[in-house]
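Hydrogens, waters and symmetry mates play no part in the numbers below; they use all other heavy atoms, side chains included.
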Amino acid sequence: ASTDASGCLVGANQSAPIVALFGDSHAAQWYPALVGLADAGEIRLDVNTKSSCPSVSVEVLRNGSSYNECSEWRTGVIKRLVTERPALVLLANYGRADLGANNNQFASAWGKGLQKTVDALSSSKVAVFSDTPDMGSPPAVCLSSHLNDAAACARPANETINKEVRAVEQAVSGATYVDFIGYFCDQQTCPAVIGSTLVYRDSHHMTATFSSGLSKAVGTQVKKLLGRSA
């Protein structure tokens, strides 16, 4: 129910550029990958996340009813970011939100809403992080039945990746699309375990351990976006 749009600033280096993370739980899952940059003094991380509430400017439903607190929170965060003008805003969201009647034209509505948010944040550099795959069900359940065969719990890439949403996010003007999908899937499959790390804590959120393991890759992209060498 909270509509507090004040955010949470992490990092002690007052001279470091502010990087805002803005979105729903699919933004929050990138925190472990980003916080190391703040701890190292390379950025100050302004965290603005709200469960089931995308930073995409669309009307969403929660439990079948209008999620008015989401719209109020999003509007408040955008207003504050426009005023504070962080060096970089990172947008990350779950591209399967409940848009009610607009679900029949989800990709189109999502693209228009994302463009609206990006346009509103034009005083900052904006990047859109690619969404994580949706495995359909928690891989841990499958893995518990295949203790010696983690590969059995992989899913076909064409079933877990929403190509229509990826396309409209890539087409948005005024923002850089940062694609991390290659860290989750190859051309055919999306594994449940990569190396020795469980990738998902449920059907579509990264484990904190896997997110932390992407810190170098994410850091490289953030520095590039800020115009700094990796």
Side-chain angles (χ1 to χ4, degrees), residues 21-35 47-56 58 60-65 67 70 90-100 102-107 109-111 113-114 128-170 177-215 217-218:
L21 178 63
F22 182 21
D24 55 22
S25 60
H26 275 222
Q29 67 178 343
W30 289 102
Y31 178 83
L34 288 161
V35 70
V47 184
N48 305 272
T49 64
K50 181 172 175 63
S51 182
S52 300
C53 181
S55 50
V56 177
V58 288
V60 297
L61 303 184
R62 182 164 174 80
N63 299 324
S65 300
Y67 193 6
C70 173
L90 305 175
L91 304 177
N93 297 283
Y94 182 43
R96 299 175 188 266
D98 186 354
L99 306 186
N102 283 328
N103 279 338
N104 292 330
Q105 297 179 321
F106 184 94
W110 189 259
L114 180 57
V128 177
F129 276 17
S130 61
D131 198 9
T132 45
D134 189 334
M135 301 291 276
S137 61
V141 176
C142 175
L143 290 165
S144 68
S145 300
H146 297 85
L147 298 179
N148 298 311
D149 185 19
C153 300
R155 291 289 310 280
N158 62 0
E159 294 180 7
T160 64
I161 299 171
N162 192 323
K163 293 182 178 180
E164 289 187 348
V165 169
R166 279 172 59 83
V168 298
E169 290 183 342
Q170 289 170 330
Y177 186 78
V178 185
D179 194 354
F180 292 107
I181 199 66
Y183 291 94
F184 297 87
C185 309
D186 59 25
Q187 293 296 317
Q188 287 77 38
T189 61
C190 301
V193 174
I194 296 177
S196 59
T197 302
L198 179 65
V199 180
Y200 306 93
R201 64 175 172 83
D202 57 13
S203 62
H204 53 82
H205 291 93
M206 282 184 279
T207 61
T209 303
F210 190 78
S211 179
S212 294
L214 293 177
S215 58
V218 173

request  = Look at the rings of His205 and His26 and say which category their plane angle falls in: under 30° parallel, 30 to 60° tilted, over 60° perpendicular.
outcome  = perpendicular

ask   = Which of parallel (below 30°), tilted (30 to 60°) and perpendicular (above 60°) describes Phe129 and Phe180?
value = perpendicular

key: With sequence neighbours excluded, residues passing side chain to side chain contact (heavy atoms under 4.5 Å, CB included) with Ser52   = Arg62, Tyr67

task = Could you list the residues that satisfy side chain to side chain contact (heavy atoms under 4.5 Å, CB included) with Ser137, not counting sequence neighbours?
result = none

Are side-chain heavy atoms of [X] and [Y] found at a separation under 4.5 Å?
| X | Y | answer |
| --- | --- | --- |
| Val58 | Asn102 | no |
| Leu198 | Thr209 | no |
| Cys53 | Ser25 | no |
| Ile161 | Cys185 | yes |
| Leu114 | Val168 | no |

request  = Evaluate ring pair (Phe, Tyr, Trp, His ring centres under 6.0 Å) for Phe184 paired with Phe210, printing each intermediate quantity in order.
outcome  = CA-CA 10 Å; Phe184 297 87; Phe210 190 78; 5.4 Å; yes

query = Under 3.5 Å, side chain of Ser211 to main-chain N/O of Met206, donor-acceptor pair present?
reply = no

key: N/O donor-acceptor pair under 3.5 Å between Arg155 side chain and Thr160 backbone   = no

For [X] and [Y], which heavy atoms make the closest approach, and how far apart are they?
| X | Y | answer |
| --- | --- | --- |
| Val218 | Ala33 | CG2-CB, 3.9 Å |
| Leu61 | Gly100 | CD1-CA, 3.6 Å |
| Ala217 | Tyr183 | CB-OH, 3.4 Å |
| Ala27 | Thr49 | CB-CG2, 3.9 Å |
| Cys142 | His146 | O-ND1, 3.0 Å |
| Ala192 | Pro139 | CB-CB, 3.6 Å |

Find the distance between [atom1] ([X]) and [atom2] ([Y]) and round it off to the nearest 0.5 Å.
| X | Y | atom1 | atom2 | value |
| --- | --- | --- | --- | --- |
| Leu21 | Leu34 | CG | CG | 6.0 Å |
| Leu90 | Trp30 | CG | CH2 | 10.0 Å |
| Asp24 | Gln29 | CG | CD | 8.5 Å |

task = Ignoring hydrogens and angles, state whether a donor on the side chain of Ser55 or Asn93 is under 3.5 Å from an acceptor on the partner side chain.
result = yes

request  = Could you verify whether a donor N or O on one side chain and an acceptor N or O on the other, from Asn103 and Asp98, lie under 3.5 Å apart?
outcome  = yes

message = Going by the rule salt bridge (Lys or Arg N to Asp or Glu O under 4.0 Å), which residues pair with Asp134 if we only count those two or more places apart in sequence or in a different chain?
response = Arg96

Qualifying residues under salt bridge (Lys or Arg N to Asp or Glu O under 4.0 Å), relative to Arg201, sequence neighbours excluded = none

query = What's the verdict on side-chain contact (heavy atoms from CB on, under 4.5 Å) for Val193 and Leu143, showing C-alpha distance, side-chain angles and the deciding distance?
reply = CA-CA 9 Å; Val193 174; Leu143 290 165; 3.9 Å; yes

ask   = What residue pairs, at least two apart or across chains, pass side chain to side chain donor-acceptor pair (under 3.5 Å) with a residue in residues 186-196?
value = Asp186-Thr189

task = Go through the structure and list residues passing ring-ring contact (aromatic ring centres under 6.0 Å, His included) with Tyr200, not counting sequence neighbours.
result = none

key: Qualifying residue for side chain to side chain contact (heavy atoms under 4.5 Å, CB included) with Ser130, from Arg166, Glu169, Gln170   = Arg166

